J.: 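Pasting a structure below so you can have a look.
We count ligands from 1, going down the list as the structure has it; atoms in each ligand are counted the same way. Quick caveat: nothing in here was measured; it's all calculated off a predicted structure.
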Amino acid sequence: MEDQQLTMPRIGDMAPDFVAMTTTGKMQFSEYIKGKWVILFSHPADFTPVCTTEMSGFALEQKFFDELDTKLVGLSIDSIHSHIAWVNNVKKNTGVLFEFPIIADIDMKVSKLYGMLQPGESETAAVRAVFFIDPSGKIRLIMYYPLNVGRNMEEIKRVLLALQAADKYKVAMPLNWKPGEKVIVPPPKTVEEMLEREASDYEMVDFYLAKKELV
Ligand code: BEZ
């Protein structure tokens with residue numbers, strides 16, 4: 001395998017730019033994502049069962065993502081004709097329409113750029129990747145699932161809410177955090193901050209582990 005095929009973007013990297021054909025037209029990724037939260041996700045192949053459940057899951061949550069000002073972009077190593085036929089087939093069979101763009105990555109360019117092609121799993125199909133990209137274009141969270149295990153939509157929604165809340169309130173999220181639960185206040189950086197914290201009403205295990213309600 002060439003080096004490029006082993007590229008793995010990392011958390012904190014700027015999302016690599018590309019031009020691609022999609023089910024909603026030609027896309028310059030940097031333009032599409034400008035100023036928005038974006039979830040870029042790959043699936044191994046059109047007309048396959050697990051992928052159909054996953055893509056339908058994203059489509060059924062379209063309103064949820066719209067309300068969080070978050071754009072969706074799907075991808076697989078299939079042609080635009082295959083994508084369109086699959087979108088049509090799912091719509092006819094289940095009434096669910098995939099409105100978000102799906103990249104036709106037939107030359108594997110984007111899959112390689114984003115480390116979605118993992119040869120130990122498949123030489124020809126993208127793994128189930130999910131990239132969460134913030135409005136500055138930075139990759140903030142990455143998930144990779146194998147071909148035979150579907151992703152968890154509740155977890156995808158949870159981490160998007162967690163990332164957005166962490167940024168907005170400058171806090172961190174503890175194990176299994178869900179919206180409405182207490183969040184972690186970042187540890188104090190000075191003795192003065194530590195003393196202030198001791199006088200606060202935070203739920204505190206010790207000065208470095210303190211939680212508060214989000215108001
Ligand atoms: C599926 O989506 O069902 C699937 C796709 C590729 C390999 C295995 C399962």
J.: Test side chain to side chain contact (heavy atoms under 4.5 Å, CB included) on Gln62 and Leu72 and set out the steps.
T.: CA-CA 8 Å; Gln62 184 70 62; Leu72 301 176; 3.9 Å; yes

J.: Kindly state whether the ring of Tyr114 and the ring of Phe131 have centres lying under 6.0 angstrom apart.
T.: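 Close enough - the centres of the two rings lie under 6.0 Å apart.
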
J.: Using the ring centroid of each side chain, check whether Trp86 and His43 are separated by less than 6.0 Å.
T.: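 Judged by ring-centre distance (under 6.0 Å), Trp86 and His43 do meet the cut-off.
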
J.: Distance from Met108 atom CE to Ser76 atom OG, nearest 0.5 Å?
T.: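 Answer for the CE-OG pair, Met108 versus Ser76, is 11.0 Å.
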
J.: At a heavy-atom distance under 4.0 Å, which protein residues reach ligand 1? Sort them by chain and number, would you?
T.: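 Under the 4.0 Å cut-off, ligand 1 touches Pro44, Thr48, Pro49, Val50, Cys51, Arg128, Leu147.
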
J.: Are any of the side-chain heavy atoms of Ile156 and Ile39 separated by less than 4.5 Å?
T.: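 With C-beta onward as the side chain, the pair touches.
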
J.: Any chance the rings of Phe18 and Tyr32 have centres within less than 6.0 Å?
T.: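 No: the rings miss the under 6.0 Å criterion.
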
